[in-house]
Amino acid sequence: MEPDQDTIAQHDDSGLMDHDPQSASDAWGGLEALPGHPLMWVLILSELVVFGAFLLTFSAARIGDPAGFANDQLHLDRVMGGINTLVLLTSGLFAVFAVRAIKKDAVLQCRVWLAGTAVLGIVFLIVKLIEYGTKIDAGIGLETSTFFTLYYLITGFHALHVVMGLGVLGVVAIWPNLTNIETGTAFWHMIDMVWVLVFPVIYLLR
Amino acid sequence: MKYQSQKVALYYIYGALTLFAAQILFGVVAGTVYVFPNVLSELLPFNVIRMIHTNALIVWLLMGYFGAAYYLLPEECETELHSPKMAIIQFWLFMAATAAAVVGYILGYHEGREFLEQPLPIKVGIVVVALMFLYNTTLTLLKGRKTAVSNVLMVALWFVALLFLFAFYNPSNLAVDKMYWWYVVHLWVEGVWELIMASILAFLMIKMTGVDREVVEKWLYVMVSLSLFTGILGTGHHYYWIGTPGYWQWIGNVFSTLEVVPFFAMVVFCFYMVWKGGRDHPNKAALLWSLGCSVMAFFGAGVWGFMHTLSSINYYTHGTQITAAHGHLAFYGAYVMLNLAIFTYALPYLRGREPYNQQLNMWGFWITTSAMAFMTFTLTFAGVVQTHLQRVLGMNYMEVQDQVALFYWMRLGAGVVVLIGVTMIIWSLVVAPRGPRVTAGARLPAE
Amino acid sequence: MDRHLTVAAESDDISASSTTLNDGHGLSSRTAIFVWLLASGTTVMSMVLALIGDDRTGAMLGILPAMTIMMVGSLKAWLILRYYLGLGPSADGWRGLFIAFLIVIFAGVLAAQAAMILMNR
Amino acid sequence: MSERLTKSAARNIFYGGTIFFLVIFIGLTLHSHNYIVNESSNQDQLTPSVVAGKHVWERNSCINCHTLLGEGAYFAPELGNVWVRYGGQDDPEGARDMLKAWMAAQPTGIEGRRQMPQFNLTDQELDELVDFLKWTSEIDTQNWPPNEAG
């Protein structure tokens, strides 16, 4: 049982000591082709599948009760939803500018654009909270109907992503290198894109 | 074996195998009671038999994880364990608590929540054991090299312990009780245990395939991220019918469907690494167990779980033999096979030998795995019939059970074959052939 | 439907311009702003249309208006993916996957709409 | 390139994402806790007898043969709705007597039938157990089980 020098030498697992950087950078496989950190894309892809599944579920549930869904939808404020779409689209534009700034090594400029992105994110949340407030005042809650259960779940889950996105933007603003900024803004664009799909399906389509 | 202190893993492996044997024995007895209901009914009622069957399973799996951690941490951290002595004391404490629990169960001394039947003092003992373990391993981790494998494993084991604290919370409101009960049960088996599984598989792949650690560890992060991103909210599939709000049906449907993905990723990972590594590792049996583990976990936990995870299906299948089918294959594929993989890999090193009894071990693998698959099929059929007769047609429970009696016979048959296979496996691991120990220089080829 | 044809044509223009206007810092600001204008414009437009035609009766939309709404939404999502997320030529495979994702949602939602319309008859 | 996509960043994203989902999960369970206590179960009828009945249920490990709201062993019938199955909603006294008589008659000893042990419960314990099962049957379980067979 005594470990002897030979065994130890032979037992050494490969790779850790002197890994070749090239092979290491290949390690993420296909995820490498995407902007930002590959693992963020694992999160983004998971989220897209989740939101996609929720939107399809919503559509399927609608078949079961078209009239109920149409009635409940009348309580939604499309103007607010539309404003929020514009807000997020604009914040996405700012996020693009932040990436452009960091590519020119303009850290301050990058942070300013990120701050702009985040402020619009906060505006989005405020509008969202006003919407929820009017619903709750009208006595509409999570368990009111299938429509509202899904409305709260999908938009609420999305809003929580905005909250998390604000955190991510904050983190990458503190350590602003290209990968970080790309990673953070990739997440933000995902949130933006999801909203662009959620809005027509839940607010507009009837 | 590179570090002396890894040797403490031997205690845990032997202890785990002992309890494994007990688990299977009690399983066969339970299967027998299903077809001969009068057997033992006065002496050892079914509820006690099942309690021992399930508790032995959980405890031996945990013991296996402890052993695996004690084996792989020194190698990963490149340092001796903080305190091997403490690890040995911890083992005997754990073993004593387990033995006390089993004796207590037989004498009727137990609590009454499924899987958490341990009486309060035993639960406290488990916490003490866990604290000793975490203290010992965390200090080892802190003083040594930090790798993704050891980080993920330790995070998982910390959460295993933290989540167990919910076992102490038993509210009087049954619905509340059930909701937090799943904090232990679900967040263990479909949450942090998957982290343990992924990290141990990653360790085995690094060791056996020779693929660059960088590559393996990046995959590891992908797998564990997928596990928790889906698994935490996947708990929703247990919150359909226990008094919790209706929205859990939507959450459960979406997230638990995705719980298949991490298991699929693990299959791809294992096979890809073996293919990419292209190395001929002498411990064929360990490699077989590792690959088999990923595949059977995918079927047992992934596919069989998905089969009845959608709320509209689960409404009819909840609490039928379908659940039993899924439970058996999931635990076997994911966690039993994982433990056997690391045991098969580690034992030759721990005992200073070349890989031994490979053929017997691999026969054990195929026999046990086939029998488990057959058992799963019989229970699935029983469940489908039961669902139709009882949940759709509304036939009385006991009448339905008579209708599916044939399946219980086949299940017992499968159980006996499992017992044979497990005997072969344990024999192959514990009883090494006589012969000289490996001497310096004449060891395995480079790992 | 005319509107969509022009939108589609415009989006082709963008891909052409993005390659020519690239200044080595990824997406050019001009393209980025153009994408923003396009996406915001369609948003405002569809909102105005919805408000004008909004009788608030809860009556179900026909398949063409529904398709219009979904196409505008999917287009915007695509613009974000292609330009803001920067899925350039290096990520051809991924682009295919994302298009598939958008198509699945588009098709799924419209299939449900069509099913409801048919059942309503 | 390898500098760019570090493992430590991967670890942070893993932790960040996990915490995100965990926070949502905890938030939802807190909401559910509230919902159970206020809406789906009769918290106000959680009498000492019902609570004691839950302990009778646990002390005798009923869950390792029966299911309760679908969870447990699958060796014996579902008991979440046994109160309904025994007609407790229309005739509470009759159902109570039947349940108690059933418990007293075990084990049947009939060859080839599954045997329920004799737990030797006192009359009070039996009443408590029945109260617990009655209370359980009144939990709003989203209409599960599909029928009286459980």
Side-chain angles (χ1 to χ4, degrees), chain A residues 30-36 41 44-45 48-49 51-52 55-56 58-63 66-67 69-74 78-79 81-83 85-86 88-90 92-93 95-97 99-101 103-104 182 185-186 188-190 192-201 203-206, chain C residues 23-29 32-33 35-36 39-40 43-44 46-48 50-51 54 56-61 65-66 69-70 72-81 83-88 90-94 97-98 101-102 104-106 108-113 115-117 119-120:
Chain A
L31 291 171
E32 201 84 5
L34 296 163
W41 281 91
I44 291 177
L45 293 170
L48 288 184
V49 175
F51 277 109
L55 289 179
L56 293 178
F58 178 87
S59 302
R62 217 177 131 222
I63 301 177
F69 270 56
N71 260 334
D72 285 346
Q73 199 194 40
L74 293 177
R78 292 181 188 172
V79 177
I83 289 172
T85 310
L86 293 176
L88 276 192
L89 283 173
T90 312
L93 181 66
V96 169
F97 289 151
V99 174
R100 282 181 58 78
K103 280 186 176 166
K104 292 180 215 154
E182 278 188 340
T185 54
W188 192 263
H189 290 309
M190 185 276 287
D192 185 3
M193 193 192 96
V194 165
W195 179 257
V196 159
L197 292 171
V198 165
F199 176 59
V201 174
Y203 284 73
L204 299 182
L205 214 62
R206 28 162 228 215
Chain C
D23 54 5
H25 296 292
L27 185 63
S28 76
S29 359
I33 292 172
V35 165
W36 177 78
S40 305
T43 305
V44 172
S46 57
M47 252 174 68
V48 170
L51 286 176
D54 195 354
R56 289 316 233 171
T57 57
M60 201 191 301
L61 288 172
I69 288 172
M70 284 310 291
V72 173
S74 307
L75 172 76
K76 279 186 281 191
W78 169 240
L79 289 174
I80 292 168
L81 271 171
Y83 296 100
Y84 286 6
L85 268 167
L87 292 186
S90 63
D92 268 347
W94 287 108
L97 191 79
F98 286 118
F101 169 78
L102 290 178
V104 166
I105 292 182
F106 181 83
V109 171
L110 280 180
Q113 185 81 8
M116 281 166 38
I117 291 171
M119 274 158 44
N120 234 14

Out of curiosity, K103(A) NZ to R100(A) CZ, how far, rounded to the nearest 0.5 Å?
-> 8.5 Å
Correct closest heavy-atom pair for M193(A) and L81(C) would be SD-CG, 3.3 Å
Which answer fits F106(C), side chain, backbone, both or neither, if we ask what part of it has an atom under 4.5 Å from a heavy atom of chain A?
-> neither
Go through the atoms of L89(A) and report whether side chain, backbone, both or neither lie under 4.5 Å from a heavy atom of chain C.
-> both
So CZ of R62(A) and CD of Q73(A): to nearest 0.5 Å the spacing works out to 7.0 Å
Would you please name every residue forming a side-chain contact (heavy atoms from CB on, under 4.5 Å) with A186(A), sequence neighbours left out?
-> W41(A), I44(A), L85(C)
Heavy-atom pairs under 4.5 Å with chain C, option from T90(A), V201(A), T85(A) with the top count = T90(A)
Among V194(A), L48(A), L55(A), who wins on heavy-atom pairs under 4.5 Å with chain C?
-> L48(A)
What part of V79(A) gets closer than 4.5 Å to chain C, counting heavy atoms only: side chain, backbone, both or neither?
-> both
With chain A, which of V109(C), L97(C), L110(C) has the greatest number of heavy-atom pairs at distances under 4.5 Å?
-> V109(C)
Residues that Y84(C) engages under ring-ring contact (aromatic ring centres under 6.0 Å, His included), provided they are two or more places apart = H189(A)
Go through the atoms of T43(C) and report whether side chain, backbone, both or neither lie under 4.5 Å from a heavy atom of chain A.
-> side chain
Let me know if L93(A) has heavy atoms under 4.5 Å from chain C in its side chain, its backbone, both or neither.
-> both
Let me know if A115(C) has heavy atoms under 4.5 Å from chain A in its side chain, its backbone, both or neither.
-> side chain
Close aromatic pair by centroid cut-off 6.0 Å: W195(A) and F51(A) | no
If we only count heavy atoms from C-beta on, is the W94(C) to L45(A) side-chain gap below 4.5 Å?
-> yes
